[in-house]
Amino acid sequence: MRYENVAEPASQPSEATSLPWRFYLGWGLAALLGLVWLAAGVIKALEPFDFVRQVASFQLVPGKAMQTALAWGLLVAECALGAALILGYRLRWALVGAGGLTLIFMGALGWVILAGIPVEDCGCFGSQVKRSPKEALLEDSLMLLVTVASGWLVWKSHPTGTVLQPRRWRGLGVLLCALFGLLTPLAFGFPLGGSDWSQVKVSGTTVNVATGERLVALIDTECSHCQESVPQLNAYVGVKDFPLFVALCSNEEWRRKFFIQRFGAKFELGEISKEDFKRLLADGDTPRIVLLRQGKVLAVWDSTPPSLDDVRRARAKRP
């Protein structure tokens, strides 16, 4: 009887050794998800101002400080989560985190669609890949399905503790990716910026924004809000005892000419570099109207151009 008891368990392989393919298939799916998460985080970390504006466009979080904090936190979370899924670091918890964050994104997209908020781009991959909220919701649904399938495979496999060893270097990889998401935006002046106009190089206009008193609009010729604001911006042109007005963008010359002709702009539309445009716009939104005196910022208005009286009051408050 003693010999039979010893031989019996030896002839029956454990579930952990008989079903390793489930775990590795699940990990493979998780790694594909991780590449998506990491790419999204890295792209947005390199374009932090764009991402803050996209977060603000969802109208879920009030105030620029909270919007900036949320955007920054998401950058860190996406970079860390992507690395954890790829490296298999605490894979089960990483999959739970991926599923939870995907559900949050789907809820935000659903809110935008149901509320009819005019969001032109979901912001999932910064400004590099533009998709509507409906398109993004469909893609997130697919990602959630893959996450659930990956989680089911990993949970069913019951891998032994040695499968994911060693963990130390995996944890270090996750930490480095999280630090990338945290620190990279700082290289772009995030969340500060928008106040130094002294070194801005402007072409395509006769107006010097570094001298005298100027009212400057930062616009994007492809932005629907900027296009709709043209009549309000035209009202600034030729007003007596009023700052000289000019609009600036980073779009190509042919786009600027088309914008002026198509929307009847009566103001000069100059060009600055994309780097200067992003720095000066910072975490604001287009059109951004800036009142300058000798190149120094006196007042800023985002999204909605101020009235003539608003500008006059801002001038009177500053010496």
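When all heavy atoms of Trp111 and Phe58 are compared, the closest pair comes out as NE1-O, 3.2 Å. A pairwise comparison of heavy atoms in Gln232 and Thr304 identifies NE2-CG2, 4.5 Å as the closest pair. Taking each heavy atom of Ala45 and Leu75 in turn, the nearest pair found is N-CD2, 3.6 Å. Among all heavy-atom pairs drawn from Ala80 and Ala178, the shortest one is CB-CB, 3.9 Å. Pro48 and Pro185 get closest at one heavy-atom pair: CB-CB, 3.9 Å. Of all heavy-atom pairs spanning Arg315 and Leu291, the tightest one is CG-CD2, 3.6 Å.
When side chains are defined from C-beta on, Leu137 does not count as touching Phe105, because their heavy atoms never get closer than 4.5 Å. Taking the side chain as every heavy atom from C-beta outward, Arg312 and Val239 approach each other to under 4.5 Å. Side-chain atoms of Leu215 and Leu244, non-hydrogen and from C-beta on, never get closer than 4.5 Å to each other. For the pair Pro306 and Ile289, the minimum side-chain heavy-atom distance is below 4.5 Å. Residues Pro287 and His225 are in side-chain contact: their nearest non-hydrogen atoms beyond the backbone lie under 4.5 Å apart. Within the 4.5 Å cutoff, the side chain of Ile113 has heavy atoms near those of the Lys134 side chain. Residues Arg313 and Asp310 form a side-chain contact, since some pair of their non-hydrogen atoms from C-beta on lies under 4.5 Å apart. Residues Asp140 and Leu144 are not in side-chain contact: their nearest non-hydrogen atoms beyond the backbone lie 4.5 Å or more apart.
When each of Val209, Asn208, Val207 is paired with Thr205, the side chain to side chain contact (heavy atoms under 4.5 Å, CB included) condition holds for Val207 and for no other. Of the listed residues (Asn251, Leu269, Thr286), just one forms a side chain to side chain contact (heavy atoms under 4.5 Å, CB included) with Ile219, and that residue is Leu269. The side chain to side chain contact (heavy atoms under 4.5 Å, CB included) test with Pro243 singles out one residue from Glu213, Arg214, Arg293, and that residue is Glu213.
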With side chain to side chain contact (heavy atoms under 4.5 Å, CB included) as the criterion, how do Ile43 and Phe51 come out once you've worked through the C-alpha distance, each side chain's angles and the decisive distance to 0.1 Å? CA-CA 10 Å; Ile43 291 173; Phe51 186 43; over 6 Å; no

Can Ile260 and Phe267 be said to form a side chain to side chain contact (heavy atoms under 4.5 Å, CB included), step by step? CA-CA 8 Å; Ile260 292 173; Phe267 47 83; 6.0 Å; no

Start with the C-alpha gap between Thr211 and Gln294, add the side-chain angles, then the distance that decides, and say whether side chain to side chain donor-acceptor pair (under 3.5 Å) holds. CA-CA 4 Å; Thr211 61; Gln294 302 301 333; 5.8 Å; no

Test log, rule side chain to side chain contact (heavy atoms under 4.5 Å, CB included), inputs Met143 and Val36: CA-CA 9 Å; Met143 285 188 62; Val36 176; 4.0 Å; yes

Worked check of side chain to side chain contact (heavy atoms under 4.5 Å, CB included) between Trp301 and Val311: CA-CA 10 Å; Trp301 298 269; Val311 176; 4.2 Å; yes

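Distance alone, capped at 3.5 Å, is enough to place a donor-acceptor pair between the Ser132 side chain and the Glu135 backbone. Trp152 contributes no side-chain N or O that, together with a main-chain N or O of Gly26, makes up a donor-acceptor pair within less than 3.5 Å. Of the possible polar contacts, none joining the Ser150 side chain to the Val146 backbone as a donor-acceptor pair under 3.5 Å is found. Between the side chain of Trp197 and the backbone N or O of Leu292 there is no donor-acceptor pair closer than 3.5 Å. Between the side chain of Arg22 and the backbone N or O of Trp155, no donor-acceptor pair lies under 3.5 Å. Distance alone, capped at 3.5 Å, is enough to place a donor-acceptor pair between the Asn234 side chain and the Lys266 backbone.
Hydrophobic clustering places Leu308 together with Leu298 (ILVMFWY residues linked when any side-chain heavy atoms are closer than 4.5 Å, directly or through intermediates). Cluster annotation: Leu145 is not connected to Met106 through the hydrophobic network of ILVMFWY side chains, with a link wherever side-chain heavy atoms come within less than 4.5 Å. One hydrophobic cluster holds both Leu103 and Leu70 under the rule that ILVMFWY side chains link at heavy-atom gaps under 4.5 Å. Ile104 and Leu138 fall into different hydrophobic clusters, where Ile, Leu, Val, Met, Phe, Trp and Tyr are joined by side-chain heavy atoms under 4.5 Å apart, directly or via other members. Leu35 and Leu46 fall within the same hydrophobic cluster, where Ile, Leu, Val, Met, Phe, Trp and Tyr residues are linked whenever their side-chain heavy atoms come under 4.5 Å apart, directly or through other members.
The aromatic rings of Tyr24 and Trp27 lie parallel to each other, their planes meeting at an angle below 30°, with 60° marking the opposite boundary.
Centroid-to-centroid, the aromatic rings of Trp254 and Phe258 stay 6.0 Å apart or farther.
Atom SG of Cys223 and atom CD of Glu228 lie 8.0 Å apart (nearest 0.5 Å). A distance of 14.5 Å separates CZ in Arg288 from CG in Asp220, rounded to the nearest 0.5 Å. To the nearest 0.5 Å, atoms CZ (Phe263) and OG1 (Thr221) are separated by 8.5 Å. In this structure, Leu38 CG and Leu87 CG are separated by 9.0 Å, a value rounded to the nearest 0.5 Å. Separating the CD atom in Glu271 from the CG atom in Asp276 is a distance of 11.0 Å, to the nearest 0.5 Å. Within the model, atoms CG of Leu91 and CZ of Arg170 stand 10.0 Å from one another, a figure rounded to the nearest 0.5 Å.
Look at Glu47 and Lys44 and you find no salt bridge, because none of the NZ, NE, NH1 or NH2 atoms lies under 4.0 Å from a carboxylate O. Using a 4.0 Å cut-off between charged nitrogen and carboxylate oxygen, Glu253 and Lys257 count as a salt-bridge pair.
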